[in-house]
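Let me begin by presenting the structure, written as C-alpha cells, before commenting on it.
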Amino acid sequence: MRTQVGIIGAGPSGLLLARLLHLQGIESVIVERQSMEHVLGRIRAGVLEEGMANLLREAQVGERMDQEGLPHEGIHLAFSGRMERIDLAAHTGGKAVMIYGQTELTKDLVDAHLAAGGVIHYESPAVFVEDYESDQPRIIYEQNGQRQELICDFVAGCDGYHGVARQSVPADKIRLFEKTYPFGWLGILSDVPPVEEEIIYANHERGFALCSLRSHTRSRYYVQCELDDDVANWTDDAFWDELRRRLPDEVSERVTTGPRLEMSIAPLRSFVVEPLRFGNMFLAGDAGHIVPPTGAKGLNLAASDIFYLSRALIAYYSEKRTDLLDRYSAAALRRVWKAVRFSWWFTEMMHRFEDDPITYRLQIAELDYLTGSEAGRTVMAENYVGLPFETFE
Ligand code: RFL
Ligand code: PHB
C-alpha cells in the first residue's frame, strides 16, 4: 500500500493530523494497534487550551465541543485549609480553558475522519519504520497476523510513549531526557455533580488531590497514591474518604459521592525526545514527550506539535517548501520544554514528597506568595491557559 503521509497511532495526535491534512487534499493512512472500542474507551485528559480548541475548529470538529464543552475562566488552589481562585481571564486578557473530555474529542475526530473517507486500520500494530532517511520510508505493520508494508513520503510517529517510531531510531541518533516521580495518581470517574464548578488543585499533608469534571453531572477526581498501589486496594468509599480528607473542610462537606464508572492509576513522568525529526519521520504528541498531568498539558502539547507539523506538511505539498519541515523539531520543542517546566514546577509545589517537613513548609510559603502576588497569579494563569503558538509560516 502507498500513501502520502503514513501515521502511526489513532490517538488525538494522529487523528488531528490526518484531519488537517485531509482538509488540504493530502492523503494519509493511519495504523492503530488497538481496536476502535479500546481507543474510544480510554479516560484521559479533560482540559483544552484555547489554541487547541481553535485547532479543533480549524479541523472542523469543534461543533460538539462548542455545544457541550464548559469554558472555564478560573481554577482554584487549595492549601493550608484555604482556597484561592486564580482568575485566568483577568490575568491573560480574557483567555479561558475548555472542559471537554479527550474521550469525546477522539470520538469526534474519528467520526469526522471516517465520514470524509479517511482510512484508519485498527488492530494493526506497526512493528518498525524502515528507511526513514530515504524519500520512501516504510511502516511495517501487522494485520490479521500478516506482515504489511505502508510506503509513504513521510511518517508521523503519533504512537504515544510506548510506540515503535521512536524505537526505530538507533540510540546514538536520539537523546532522551527523563524524570520519574515517586508517586502516581489514582483517578475516579463518577456520575455525580462536581463539588465545584471550576477545577481545584489541592496541596495537603496527606498528598495531592484534584477535583475536576466532565460535565455538570459527571466528576473526575484524583488523589496522589503510592507508585506500586493497585486499584484493587481501593473501594469507592475508601477513595471518597481519602479525597475528602485532603480538601478544605468547607469543600469536603459538599462532595457528592457515588459509584465509580472507572478507576485507574497513572504514573507521573517528565520525558522529552530530541530531536523530533529523523529524516522523513516526525514524532508528535506523547511519542515525543510526556508531562505529569498536574497542569493538564499532555494533550495540549500533542495539539501544538500537530499545529507545527500540519503546517510544515501542507507547505511542502502545496508549495514544495521544505523550510518548515526543517524547523518543525526546534519550534515544537521550544514550546514543549516550557510546558515540561511548568508541569514539573506545579507538580513539585503540590505533591507530598516523603516525610520531609521542610518541603511541605516551603510549598505552603510558595503557594502563599504566588496567590498573594499579582505577578504570581499572572505566571500561573498564563501558563495554565497555554503559551501562544509561534508564528510558523
Ligand atoms: P496517545 O493518546 O497515547 O495515542 C497513541 C496511539 O498510538 C497507538 N499505538 C500504536 N499504533 C500502532 N502501532 C503501534 N506500534 C502503536 N503503539 C501505540 C496507541 O494505541 C494509541 O492509540 O498519544 P497522543 O495521540 O500523542 O495523545 C496524547 C494524549 O493522549 C496525552 O498527552 C494525554 O492523554 C495525557 N494525559 C493528560 N493530558 C492532559 O492534557 N490533561 C490531562 O488531564 C491528562 N490526563 C493523560 C491523563 C494521560 C493518561 N495516560 C496516558 C495514562 C490521564 C491519563 C490516565
Ligand atoms: C482531568 O479532568 O482529568 C484533569 C484535569 C486537570 C488536570 C489533570 C486532569 O491537571
Side-chain angles (χ1 to χ4, degrees), residues 41-47 75-81 83 101-103 160-162 178-192 194-196 199-214 218-249 251-252 255-271 286 290-299 340 342-357 359-360 362-364 367:
R42 291 193 292 228
I43 311 293
R44 288 187 173 176
V47 182
I75 56 167
H76 299 274
L77 299 178
F79 58 99
S80 293
M83 274 256 280
Q102 178 171 335
T103 316
Y161 180 66
H162 300 287
E178 183 155 29
K179 176 180 173 60
T180 54
Y181 298 82
F183 40 72
W185 279 19
L186 171 69
I188 197 171
L189 186 73
S190 182
D191 271 337
V192 290
V195 64
E196 190 69 44
I199 297 181
I200 305 173
Y201 292 87
N203 173 307
H204 191 274
E205 271 179 298
R206 293 182 63 88
F208 172 74
L210 170 58
C211 306
S212 183
L213 63 155
R214 291 291 176 274
R218 181 168 287 187
S219 301
R220 180 72 162 158
Y221 294 104
Y222 300 88
V223 291
Q224 176 184 348
C225 64
E226 301 292 325
L227 249 190
D228 58 0
D229 208 340
D230 192 318
V231 172
N233 299 334
W234 290 84
T235 61
D236 291 352
D237 284 345
F239 181 93
W240 294 118
D241 287 348
E242 190 55 41
L243 175 72
R244 280 188 298 218
R245 277 200 281 265
R246 297 183 187 189
L247 299 173
D249 290 344
V251 181
S252 172
V255 172
T256 309
T257 64
R260 74 181 76 173
L261 294 172
E262 190 256 10
M263 193 187 262
S264 53
I265 293 181
L268 271 69
R269 71 164 57 83
S270 303
F271 170 74
D286 280 14
I290 300 281
V291 288
T294 336
K297 291 292 167 232
L299 176 60
V340 169
F342 172 67
S343 307
W344 158 80
W345 168 72
F346 199 12
T347 301
E348 298 266 333
M349 185 168 67
M350 300 306 289
H351 289 75
R352 178 170 179 272
F353 287 82
E354 291 142 27
D355 277 321
D356 181 359
T359 307
Y360 177 67
L362 290 171
Q363 288 175 335
I364 299 305
L367 282 160

* Asked: Who pairs with Arg246 by side-chain contact (heavy atoms from CB on, under 4.5 Å), at least two apart in sequence or on another chain?
  -> His204, Arg206, Ala209, Val223, Gln224, Glu242

* Could you walk me through whether Ile188 and Trp240 pass the side chain to side chain contact (heavy atoms under 4.5 Å, CB included) check? -> CA-CA 9 Å; Ile188 197 171; Trp240 294 118; 4.0 Å; yes

* More than 12 non-hydrogen atoms from neighbouring residues, nucleotides or ligands closer than 6.0 Å to CG on Asp249, yes or no? -> no

* To do: List for me each residue that meets salt bridge (charged side-chain N to carboxylate O under 4.0 Å, His left out) alongside Arg352, sequence neighbours excluded, and say none if there are none.
  => Asp355

* Calculate, to the nearest 0.5 Å, the distance between atoms CG and OG belonging to Asp241 and Ser252 respectively. => 9.5 Å

* To do: Could you tell me whether a side-chain N or O of Ser219 sits under 3.5 Å from a main-chain N or O of Val192, the two making a donor and an acceptor?
  => yes

* Asked: With sequence neighbours left out, what residues match Tyr221 under side-chain hydrogen bond (donor to acceptor under 3.5 Å, both in side chains)?
  -> none

* Exam field: side chain Thr294 to backbone Ser343, donor-acceptor pair closer than 3.5 Å -> no

* Asked: If we only count heavy atoms from C-beta on, is the Leu77 to Phe346 side-chain gap below 4.5 Å?
  -> yes

* Before giving the answer on side chain to side chain contact (heavy atoms under 4.5 Å, CB included), spell out for Leu299 and Arg44 the whole-Å C-alpha distance, their side-chain angles and the decisive distance to 0.1 Å. => CA-CA 9 Å; Leu299 176 60; Arg44 288 187 173 176; over 6 Å; no

* Asked: So which heavy atom on Met83 is nearest to which on Pro248, and how close?
  -> CG-CG, 3.9 Å

* Option from Tyr222, Trp185, Phe79, Tyr181 for which ring-ring contact (aromatic ring centres under 6.0 Å, His included) with Phe208 holds -> Trp185

* Asked: Do you know the tightest heavy-atom contact between Leu186 and Phe239?
  -> O-CE1, 3.5 Å

* To do: List in chain and number order the residues that pass ring-ring contact (aromatic ring centres under 6.0 Å, His included) with Phe353, two or more places apart in sequence or in another chain; answer none if no residue qualifies.
  => Phe183

* Between Met349 and Asn203, which heavy-atom pair has the shortest distance, and what is it? -> O-ND2, 3.0 Å

* Check step by step if side chain to side chain contact (heavy atoms under 4.5 Å, CB included) holds for Met350 and Leu367. => CA-CA 9 Å; Met350 300 306 289; Leu367 282 160; 3.9 Å; yes

* Between OG1 on residue Thr359 and CD1 on residue Ile364, distance to nearest 0.5 Å -> 11.5 Å

* To do: Under the side-chain contact (heavy atoms from CB on, under 4.5 Å) rule, collect the residues that match up with Glu178, sequence neighbours excluded.
  => Tyr161, Thr180, Arg269, Phe271

* Output the distance between atom OG (Ser190) and atom CZ (Arg214), rounded to the nearest 0.5 Å. => 12.5 Å

* Roughly how far apart are Trp344 CH2 and Lys179 NZ, rounded to 0.5 Å? -> 8.0 Å

When the side chains of residues 256-268 are checked against the rest of the protein, which donor-acceptor pairs come out under 3.5 Å, sequence neighbours left out?
from	atom 1	to	atom 2	distance (Å)
Arg260	NE	Asp236	OD1	2.5
Arg260	NH2	Trp234	O	2.7
Arg260	NH2	Asp236	OD1	3.0
Glu262	OE1	Arg220	NH1	2.9
Glu262	OE2	Ser264	OG	3.0

* To do: Give the minimum heavy-atom separation between Val195 and Val251, together with the two atoms involved.
  => CG2-O, 3.5 Å

